[in-house]
Colleague: 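Quick one: the structure is below, questions incoming.
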Amino acid sequence: MFSGPPADPAAPKPPAGPGTPSAGAPDDAPTLALSIGVPAVAVTAEVVTADAAPSEERPGADGSGRPFRFPVTAALAAAGLLALLIAVFGPGLAARGTGELRIPGAGLTTLLRTVLFTALAVHLGELLAPQLIRPVRGRPRTAVRSWSGYAALAGAAAAAGQIVQLAVVSGLGITETYATRDGGLLLLIANGLVIAAGCAASKRPALALAPLAVVIGAEAIRAHPEAYSPEIGAALTVVHLTAASLWTGGLLYVLRTMWLWRGSPVAARALLGRYARLAIWLYVALAATGTASTLRRLPLDVVFTSAYGRTLLVKLALMAVVSALAVAARRRMIRDTDPAVAHRLARREQAVLGAVVVVSAILTVVPDPHWISMRP
């Protein structure tokens with residue numbers, strides 16, 4: 001993480017003590033309304049050094065001039081509720097009318113794997129994005145707060161939850177569940193994420209790459225229990241999951257940094273450009289491994305009659321939307337010096353990528369389509 005002088009070196013220095021006005025600061029200097037369950041307190045706004053800084057003031061519904069954040073909060077709550085509903089009910093809806101066996105606890109499993117995939121994306125994104133930030137000339141010497149430690153712990157809890165669920169469904173004790181194939185791999189994933197959280201809290205967060213690599217490898221092996229060339233499927237999943245995590249998590253970190261750098265549009269635009277160039281190669285890796293995985297796992301005669309095929313079609317539709325938004329953001333970034341429009345398009349891309357993560361989790365839960373295929 002970066003540290004150093006404020007984003008604008010020419011900005012006036014903070015007051016030397018409480019109650020002492022800044023030198024040369026006008027009486028009508030901009031103020032921020034701070035409200036944490038208590039009456040608002042007006043303070044002089046001079047330097048912003050955290051991504052949690054208040055947004056630009058707009059009159060609220062009561063005309064008081066306080067930031068009106070309800071629409072943003074409501075939108076985030078609605079998106080979270082929608083993701084929850086898709087995760088819980090998605091597997092059942094995809095399998096309706098297919099004649100496939102019902103997977104016990106499919107909704108809960110999907111939800112837990114969504115948390116796990118999100119944790120991987122956030123952590124890997126925070127390891128990648130700083131490498132894109134350092135070469136940006138004229139960048140503010142500020143950095144967003146790290147979420148990687150919390151994300152890793154959430155992912156570990158999700159893996160532990162899958163172990164408990166597996167024990168309940170199979171009727172085994174926790175110790176006996178560890179001895180099963182899936183139980184042992186989930187235990188390895190949980191321990192790897194706990195170690196990654198410890199690395200994130202240390203002075204060398206890059207050490208988390210090793211346990212995260214183990215986590216991705218274990219998840220890839222767990223996702224391919226089939227008898228037909230499981231090693232090829234696992235290798236494809238390693239590349240696919242890594243590229244998807246870097247794309248999703250890297251974009252999240254870049255968008256948070258651009259918001260923090262909103263006072264330096266040139267640096268923000270340069271950062272988005274660097275990410276866009278990397279995202280092209282990540283997209284190629286995703287397309288290649290996704291196509292190969294589909295060809296080996298999904299028989300053509302059950303594309304529309306299997307839960308896997310139906311879910312894959314939804315994922316492809318979402319990826320088409322993501323691609324269109326990414327192309328539009330890149331064009332606006334090239335055309336405009338102000339990155340505001342490109343930033344808005346990239347935020348929409350991030351939202352759709354969140355839906356892709358949920359649908360990808362459903363794909364890991366629905367039955368193998370080979371069971372209902374009529375092909376030999």
Side-chain angles (χ1 to χ4, degrees), residues 1-2 7 51 117-118 120-144 146-148 205-206 208-209 212-213 216 236 238-292 315-316 318-357 360:
M1 307 299 288
F2 300 106
D51 63 332
F117 293 160
T118 302
L120 280 173
V122 171
H123 206 143
L124 285 174
E126 289 199 7
L127 292 175
L128 165 71
Q131 312 306 317
L132 302 175
I133 292 173
R134 289 192 184 98
V136 176
R137 296 180 179 179
R139 59 179 171 83
R141 299 290 174 171
T142 53
V144 296
S146 174
W147 292 352
S148 57
L209 283 172
L212 289 177
I216 292 175
L236 290 171
V238 166
V239 178
H240 194 82
L241 183 55
T242 302
S245 299
L246 291 174
W247 185 2
T248 306
L251 180 58
L252 175 62
Y253 196 95
V254 166
L255 289 176
R256 293 175 60 207
T257 302
M258 289 181 67
W259 173 247
L260 181 62
W261 292 0
R262 58 194 180 276
S264 304
V266 175
R269 182 173 178 270
L271 174 59
L272 185 59
R274 290 182 59 82
Y275 169 80
R277 288 189 289 273
L278 174 64
I280 293 174
W281 296 106
L282 296 176
Y283 184 88
V284 170
L286 282 171
T289 54
T291 301
K315 181 178 179 180
L316 290 176
L318 291 173
M319 286 302 298
V321 175
V322 169
S323 303
L325 290 171
V327 171
R330 183 173 178 83
R331 287 180 176 176
R332 293 307 298 259
M333 180 185 62
I334 295 174
R335 184 187 312 166
D336 302 336
T337 56
D338 186 357
V341 176
H343 184 268
R344 183 164 60 249
L345 291 170
R347 289 203 310 269
R348 295 172 183 172
E349 176 188 346
Q350 181 76 71
V352 182
L353 279 174
V356 172
V357 171
S360 298

Colleague: With a 4.5 Å limit on heavy-atom distance, are the side chains of Val341 and Arg335 in contact?
Modeller: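 Side-chain contact under 4.5 Å: no.
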Colleague: Report the residues that fulfil side chain to side chain donor-acceptor pair (under 3.5 Å) with Ser148, sequence neighbours left out, ordered by chain and then residue number.
Modeller: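 Scan of Ser148 (side chain to side chain donor-acceptor pair (under 3.5 Å), adjacent residues dropped) gives Glu126, Ser146.
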Colleague: Can you list the residues that meet the salt bridge (charged side-chain N to carboxylate O under 4.0 Å, His left out) rule with Arg332, with sequence neighbours excluded?
Modeller: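 Applying salt bridge (charged side-chain N to carboxylate O under 4.0 Å, His left out) to Arg332 gives Asp336.
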Colleague: By side-chain contact (heavy atoms from CB on, under 4.5 Å), which residues pair with Leu209, not counting sequence neighbours?
Modeller: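 Partners of Leu209 under the side-chain contact (heavy atoms from CB on, under 4.5 Å) test: Leu124, Leu127.
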Colleague: side-chain contact (heavy atoms from CB on, under 4.5 Å) with Leu252: which residues, sequence neighbours excluded?
Modeller: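 Scan of Leu252 (side-chain contact (heavy atoms from CB on, under 4.5 Å), adjacent residues dropped) gives Val122, Trp147, Arg256, Gln350.
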Colleague: Measure the shortest side-chain to side-chain distance between Tyr253 and Ile133 over non-hydrogen atoms and say whether it is less than 4.5 angstrom.
Modeller: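 Tyr253 vs Ile133: side chains touch.
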Colleague: Which residues satisfy the side-chain contact (heavy atoms from CB on, under 4.5 Å) test with Ala121, sequence neighbours excluded?
Modeller: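 So Ala121 forms a side-chain contact (heavy atoms from CB on, under 4.5 Å) with Ser245, Thr248.
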Colleague: Hey, what do you get for CZ (Arg262) to CG (Leu260), rounding to the nearest 0.5 Å?
Modeller: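 Those atoms lie 7.0 Å apart.
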Colleague: Measure the shortest side-chain to side-chain distance between Trp247 and Glu349 over non-hydrogen atoms and say whether it is less than 4.5 angstrom.
Modeller: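 When only atoms from C-beta onward are counted, Glu349 and Trp247 do touch, with a gap below 4.5 Å.
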Colleague: Say you draw a straight line from CG of Leu286 to OG1 of Thr291; how long is it, rounded to the nearest 0.5 Å?
Modeller: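 Going from CG on Leu286 over to OG1 on Thr291, the span is 10.0 Å.
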Colleague: If every non-hydrogen atom of Ala342 is compared with every non-hydrogen atom of Leu272, which pair is closest and at what distance?
Modeller: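 That would be CB-CD2, 3.7 Å.
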Colleague: Which heavy atom of Tyr283 sits nearest a heavy atom of Ser323, and at what distance?
Modeller: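 Answer, listing the atom of Tyr283 first, then Ser323: OH-OG, 3.0 Å.
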Colleague: Where do Val352 and Val322 come nearest, in terms of heavy atoms and distance?
Modeller: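 Taking Val352 first and Val322 second, the nearest heavy atoms are CG1-CG2, 3.4 Å.
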Colleague: Residues in side-chain contact (heavy atoms from CB on, under 4.5 Å) with Arg274, at least two apart?
Modeller: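 Checked Arg274 against side-chain contact (heavy atoms from CB on, under 4.5 Å); matches are Leu132, Pro135, Val136, Arg277.
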Colleague: Report the distance from atom OG1 of Thr257 to atom CG of Leu271, rounding to the nearest 0.5 Å.
Modeller: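 It is 6.0 Å, given to the nearest 0.5 Å.
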Colleague: Could you pull out the closest heavy-atom pair between Leu255 and His343, with the gap in Å?
Modeller: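 Closest heavy-atom pair between Leu255 and His343: O-NE2, 3.4 Å.
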Colleague: Are Thr242 and Leu246 side-chain neighbours, meaning at least one heavy-atom pair lies under 4.5 Å?
Modeller: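 They are in side-chain contact.
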Colleague: Which heavy atom in Pro339 sits nearest to a heavy atom in Met258, and how many Å separate them?
Modeller: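 Of all heavy-atom pairs spanning Pro339 and Met258, the closest is CB-CE, 4.0 Å.
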Colleague: List the atom of Ala267, the atom of Gly138, and the distance in Å for their closest heavy-atom pair.
Modeller: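 Closest approach of Ala267 to Gly138, heavy atoms only: CB-O, 4.1 Å.
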Colleague: Could you check if a side-chain atom of Arg139 sits within less than 4.5 angstrom of a side-chain atom of Ser264, using non-hydrogen atoms only?
Modeller: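 Result no, sub-4.5 Å side-chain heavy-atom pair not found.
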